[in-house]
Every structure is written in structure tokens, then in C-alpha cells.
Amino acid sequence: MLERTHTCNDLSLIHLNNKVTLMGWVHTLKCLGGRWFLNLRDRYGLTQIVFKPEHSFEWTYILKEIKLEYCICIHGVVESRVQNGGSCNANIATGQIEVNALQMYILNKSLNLPFQINNKNTVNEDLRLEYRFLDLRNPCLQYKILLRHKLLTLTRKYFNTHKFIEIETPILSKYTPGGAHNFLVPFKDNLFFSLSESPQLYKQMLMIAGFDRYFQIAKCFRNEDARGDRQLEFSQIDIEMSFSNESQIKSIIEQFLRYITKKLLNINLVIPLQQLSYNNALRKFGTDKPDLRSKFQHIDITPILERHHNIKNLFLKNIITNNLLLKAIHIPAKFSISTKEVEKIKKDPYLSNFSNFKILHVKINNNMQWMPQSLSENIQENILSKINKLFNIRSNDSLFLIISPLHCMQSISFFISSFLDKKFHTLNSSSFKFLWITEFPLVEWNESNHKFKSLHHPFTSPINGKLLKNLQITKSRAYDIVLNGIELGGGSIRIHDSQLQSKIFKKLNLNKKQFSFFLNALSFGAPPHGGLALGLDRLCMLFSNSTSIRETIAFPKNSNGFDILTGAPTVIKNVQK
RNA sequence: GGGGUGGUAGUUAAGUUGGUUAUAACGCCGGCUUGUCACGCCGGAGGCCGCGGGUUCAAGUCCCGUUCACCCCGCCA
């Protein structure tokens, strides 16, 4: 058999008259009477093969056997398209040449395809997953897998040059109830491992061991319902550092992000990145993972009302007396929204999850009056003008006013602003807005089981290393990194004091016994340390402008956690012993 | 577990207040075409309209159930 001499992206005019051998797949095939054109594809690119009738009377006979996606070998001579009387194709790297075929071998045939392989189709995802090996031939998907490969390479290079050591931690690990559901792996004698949810405790013990700076591209497993940005198994860029505070860790990550955005997207990321406290994020965006590209900010205007006790408008008065909040979302005049669309928002099924709230759409007329007029008449001038000033409101702008109790205000206001962002296409997909969220509460109260739950995880240090009497107002040393409204990663300064850790386990109602190995480890000179994990799949998704992480994983599960390609998971009748 | 949207040819979609033989594009098969590259032209095959009930003289279309997919909520320490 002939040996491949070049890939389908290699050849140019400098190879004129060379005899070459290419191997790949039939991308397109076109007959023009006696002359045939074939586009040969491999992962590097495309090369046009021409079959001239004067070289063989048999080409037509042979080529009639060839179909798309046959795997073939071409031996031929590199020729100039122009000199051959044709025209160049500026869309491909090899567009100036073509290979005049002398010999062709079919390496393997292909059945007719279940769907066409090109850049434009939007084929049903289940079918694509069933034929993932074909879908992965699509240059568009190959680009995403290649981007992931580049990211992995850059990650190793960056952390290596910053003295981080790559260390693998166990995937078969200890089952700890609480938190995400685990995948259990039977061992023997009724003993089970659990697939690692994250390398958290191992990496902390590496710090205790003195490795100082650790990183790993870690596979994590969580037995929870999947989403567009969540899979049962996923990868994270996991790091941990000793003797470092928040700003040192953030700085390492910021430089990493600047490095990869430059290398992968050719974007000059400005660092340090913007920061927003957890409370301010909720106040301004209604979410703890705001999208800074959003044009629709929220402002809580309850405090303005509270300063005016003699409000005539019953609607507004209601707010104060019932301990509700009033939030406004400002819509500049260039984004006009119809009454119909306002009704559509109000009737959206999502909002039926909430009760005791009200949504009002207010238009500002040319005289800077609020419409409907009844509203404007009953609210004192000074309140109106304060709000107008706060948002820098101009005529023909409009506002959404939301009145609701605290616990559903964030969800409702975020729902409305993201509706508006979608409607007006304000989220520029080539813009990358990173953001740190800081000052998270340490815990939150879980209404369903009447227990405190860590907001981050139970190993997160409280600010100043102390628990306040009121646990609910204790802040933690956790930080999340958000990119375009998606939580890219999170981390914290950890607890390195065994007694404090023990105390927190107790407050959180966690069984101390199951973590005794860890408390023991902390007792042997554990250094102060902290770290962070970045979602690798999500990073690839955002960098490749994909709508789900399934696009960035070679063999993903579908949204129900099934591997359509292999048919896993399966019922096992006779489990191996 | 809850909600939303969808399922029509190999693929992607259209299908009007229920009314002749269910359309189109791409793909596939056959023919023409010696410079195409989203080539072009002529012809052809291809359908349990997701599945099961119901209403009706008549259902792709209306109703009920069910299933599968995607998105969202719950969940993801």
C-alpha cells in the first residue's frame, strides 16, 4: 500500500508537479461530463482532486462506484488550478492547487449517511449522538474538540511555568452522604466506592503534605439531572495553593485567563477583573452569576419609598405595609416593547412558581410623566424625580416595576431582564465579560430539612476565621468566577484549623466521624491554603460559542444522562462477582 | 418530581376555520453536462404525519392518554 505523503491542508503552489499521496474521506464528488472533481477531507482540511478523462478512460467507470464518506487513497500530481484553466477557491488553504489523480484506491466503503455532514445543519441531537463518530467528522465539531485540546495543552504549560505540580487523585473514593448524589461502585463483601465528586479533600491533603502548588485536570462525577451546562461526568481545572490569600489566587487565575484568551481567542483581557459582592450582584442583576453584557440593570427602589411615609398610591403603599420590595428594570427608549409582549412576560408559565407579586410596565412620555397617568398622579414628584435621576431616565424610556417579597424578587427580576436580553439580542457572543463574585454567605438555611447548608462547601473558611453568633450573616472567604452569566468556577480559602473545621461540621449537622481522617490530617501542621476549580467543559463551550457543553465533549451523555451511542446505562442481570 | 416547547420522506422544515392524490429544500437513484467548488439542467424513488384511544360523514390538523427529545424549576455540599 502507498504511504501518505501529505495531509489535505498541506499542498500549495510550491509543490507543483510533485507526486503526492493523500488519504481521507470523500467530502464532495461532482461530475461535469468527462471531468470529475472530488474534495478529499481529513482533519487538517480539504484538497480538490481532479480526474481528467485524457489520463484514463476508466475514471468514469471507477468513480461511479464512489460515494460520499468513502475512505480513499489518492496518488497524483500537484497542479495549478489556474494553469489547468480553472479558478481558485479562496475559502480553503489549498485553493490554488488541485491533485491530478493517477491512481485511486478505496480503503473502505461507507453506507449512505443518516444525515449530511456539513457546517450548517441542525440535525436532531439524539440522532447526532447515535452517530457521534460521523458527527465528529464535521469540521465545526472538530474545531471545538481541537480548541479543547489546545486549552488542555495551554493549561498544563501555564501552571507548569508557575511551579504547579500536576498530581492525580483517586476517582474511586469514599462515599460521603450529603451534597450531590454519588455514583456507587461495588467492590466486594458489600463494600462500595464512590466516584469522586471533586478532588477537594485529596488536594487539601496534598497541601498538608507540602506540595505547595497543585493542579489537575480532574474528572468529576455527580449523579444529578443533567443540563445544557451540566453532565454526569465533567472535567475541571483544579488548583490549590498554600500560603496564599484570595488576591494571590485570583491573580494566578486572572493571568491564566488572560493567557488563554490571548492564545485561543486573540483577545487582550484587562486584569484585574471586575468584582461584585454577592449581595450587590443580587441587587443589581437578580442573580449571583450576572451577565455583564446585559443592558438591563435592576435597581431596588424600596429605600426611596421608605423615606416617604405619606404615599397616596395604594399600590405603592401596599409595598411598605406588607414588607415587600420594589425593584425597577430600566429599558432605554431604543428597546421598545409592545403591550402584547408585556402581557406575554406576565403570563409566562415560569412566573406561576411564585405568588404575591406584581409586575407593572411603565412608560415615560415626552413630559417625563409616568404612564399610566394614575400612577404618576399619585406618586409625589420628588419620588419620581429621584427614580428618574437614579436611572438617568429620558423620555420614551420605560420601566418594569416589580413588587414582590424578598425570596422571589431575584428570580422574577432576573427572568424579566434575561427575557429582554434575549428579545433584543443584547448579548454579543464575541464579547467575554469575566467577573468575580465575592463575600458569599457561609451558609444558607434549608427550609425543607431545617438545617444549615454550606453555600460553597463545608471546608470554606469564614471571614476572619471566626463564626459569628448569627451563622446566617457570617460571610465566607469564597469567590466565584463568572463569564457571560455562566458560573465558570469557584474556590475559597479553606479552613486549616482542625478545631474550627470540627465546629463547622457540627453546625452543618455533618457526621464528624466520616471526616475523621481529614480532621486528623489537619492536626499535623496543615498550612493555610486555598484554591479554585474552573469548569473545563464550560470554558470550551463559551470560547467556542456553543450552546451546550455537549458540543465540547467528544462522547457526551444526552440531557437524560444516557449515552445514546453505546446504549449505556444498561440493566445488568448477572452482576460480575 | 414539576413546568414549557417540539416529534410530518434519509435530513431540515411548511402544512390555512378539519375537506381532493400530504408539500418544499437538501440528500438518495437514473440521465445530460470538460472547470466545478452551495455548480447547473431533466427524470425517479422515497411517508404507520412518534405511539394508543376518542370526537366527526371526514383528523397531520380538534380532544384525552402515552412516549421520546430539548429547555427551565427542583436538584447540582
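Hydrogens, waters and symmetry mates play no part in the numbers below; they use all other heavy atoms, side chains included. Proteins get letters first, then strands, A, B, ... in listed order; numbering begins at 1 in each.
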Rounded interatomic separation in angstrom, taking [atom1] from [X] and [atom2] from [N]:
{"X": "Ile117(A)", "N": "G27(B)", "atom1": "CD1", "atom2": "P", "value": "14 Å"}
{"X": "Asn124(A)", "N": "U11(B)", "atom1": "CG", "atom2": "P", "value": "9 Å"}
{"X": "Glu130(A)", "N": "G10(B)", "atom1": "CD", "atom2": "P", "value": "14 Å"}
{"X": "Asn558(A)", "N": "G7(B)", "atom1": "CG", "atom2": "P", "value": "19 Å"}
{"X": "Ile345(A)", "N": "G4(B)", "atom1": "CD1", "atom2": "P", "value": "19 Å"}
{"X": "Asn138(A)", "N": "U11(B)", "atom1": "CG", "atom2": "P", "value": "17 Å"}
{"X": "Ile66(A)", "N": "C29(B)", "atom1": "CD1", "atom2": "P", "value": "12 Å"}
{"X": "Asn89(A)", "N": "C37(B)", "atom1": "CG", "atom2": "C1'", "value": "5 Å"}

Interatomic distance at [atom1], [N] relative to [M], whole Å:
{"N": "C26(B)", "M": "A38(B)", "atom1": "P", "answer": "14 Å"}
{"N": "U61(B)", "M": "U23(B)", "atom1": "C1'", "answer": "15 Å"}
{"N": "U16(B)", "M": "C63(B)", "atom1": "P", "answer": "14 Å"}
{"N": "U56(B)", "M": "C75(B)", "atom1": "P", "answer": "47 Å"}
{"N": "C71(B)", "M": "C29(B)", "atom1": "C1'", "answer": "39 Å"}
{"N": "G50(B)", "M": "G44(B)", "atom1": "C1'", "answer": "29 Å"}
{"N": "G15(B)", "M": "A25(B)", "atom1": "C1'", "answer": "15 Å"}
{"N": "G7(B)", "M": "G52(B)", "atom1": "C1'", "answer": "16 Å"}

His27(A): what forms a ring-ring contact (aromatic ring centres under 6.0 Å, His included) with it, not counting sequence neighbours? none
Which residues pass the salt bridge (Lys or Arg N to Asp or Glu O under 4.0 Å) test with Lys507(A), not counting sequence neighbours? none
Salt bridge (Lys or Arg N to Asp or Glu O under 4.0 Å) with Arg293(A): which residues, sequence neighbours excluded? Asp291(A)
For the side chain of Ser559(A) and the base of C71(B), is some donor closer than 3.5 Å to an acceptor across the two? no
Check: U12(B) base within 3.5 Å donor-acceptor of Gln116(A) side chain: no
Once salt bridge (Lys or Arg N to Asp or Glu O under 4.0 Å) is applied, what residue pairs with a partner in residues 497-506 of chain A remain, sequence neighbours excluded? none
If you compare all heavy atoms of Ser461(A) against all heavy atoms of Gly465(A), which two are closest, and at what distance to 0.1 Å? OG-CA, 4.3 Å
With B for base contact, S for sugar-phosphate-only contact and - for none (protein heavy atoms under 4.0 Å), nucleotides 72-77 of chain B reads SBBBBB
Would one find more than 12 heavy atoms of other residues, nucleotides or ligands at under 6.0 Å from atom NE2 of His15(A)? yes
At a heavy-atom distance below 4.0 Å, what parts of residues 474-482 of chain A sit against RNA chain B? none
Can you sort out which residues in residues 498-506 of chain A have a heavy atom within less than 4.0 Å of RNA chain B? Ascending by number, please. none
Once pairs are restricted to Watson-Crick or G-U wobble with both distances under 3.5 Å, how does RNA chain B read as a dot-bracket string, [ ] for crossings and | for other-strand pairs? (((((((..((((.....[...)))).(((((.......))))).....(((((..]....))))))))))))....
ring centroid sep under 5.5 Å plus plane angle under 30, Phe37(A) with U36(B): yes
For the side chain of Arg222(A) and the backbone of Asn182(A), is there at least one donor-acceptor N/O pair under 3.5 Å apart? no
Any sub-3.5 Å donor-acceptor pair from Asp537(A)'s side-chain atoms to Ser235(A)'s backbone N or O? yes
Evaluate the criterion ring pair (Phe, Tyr, Trp, His ring centres under 6.0 Å) for residue pair Phe440(A) and Tyr479(A); output intermediate values, then yes/no. CA-CA 7 Å; Phe440(A) 283 86; Tyr479(A) 34 82; 8.9 Å; no
All side chain to side chain contact (heavy atoms under 4.5 Å, CB included) counterparts of [X], not counting sequence neighbours:
{"X": "Arg550(A)", "result": "Glu125(A), Gln231(A), Ser548(A), Pro556(A), Ser559(A)"}
{"X": "Val82(A)", "result": "Ser80(A), Cys88(A)"}
{"X": "Phe357(A)", "result": "Leu351(A), Phe354(A), Ile359(A), Ser404(A), Ile412(A)"}
{"X": "Lys512(A)", "result": "Ser502(A), Phe505(A), Leu519(A)"}

Assign [X] to base, sugar-phosphate, or nothing according to its heavy-atom contacts below 4.0 angstrom with the strands shown.
{"X": "Lys64(A)", "value": "sugar-phosphate"}
{"X": "Ile92(A)", "value": "nothing"}
{"X": "Glu125(A)", "value": "sugar-phosphate"}

Which comes earlier along RNA chain B counting from the 5' end, the contact point of Arg35(A) or that of Lys557(A), where each point is its nearest nucleotide? Arg35(A)
Indicate, with yes or no, if the rings of Trp59(A) and Phe51(A) have centres closer together than 6.0 Å. yes
Between Asn560(A) and A69(B), is there a contact of a side-chain N or O with OP1 or OP2 at under 4.0 Å? yes
Side chain of [X] only, heavy atoms from C-beta on: which candidate in [options] is closest?
{"X": "Lys67(A)", "options": "A69(B), G27(B), C29(B)", "result": "C29(B)"}
{"X": "Thr122(A)", "options": "U12(B), G35(B), A69(B)", "result": "U12(B)"}
{"X": "Cys31(A)", "options": "U33(B), U36(B), C28(B)", "result": "U33(B)"}
{"X": "Arg550(A)", "options": "C71(B), U36(B), U11(B)", "result": "C71(B)"}

Aromatic ring pairing Phe296(A)/Phe424(A), orientation class (parallel under 30°, perpendicular over 60°, tilted between): tilted
So Arg477(A) and Glu439(A), salt bridge (charged side-chain N to carboxylate O under 4.0 Å, His left out) or not? Walk me through it. CA-CA 7 Å; Arg477(A) 296 179 72 180; Glu439(A) 296 171 57; over 6 Å; no
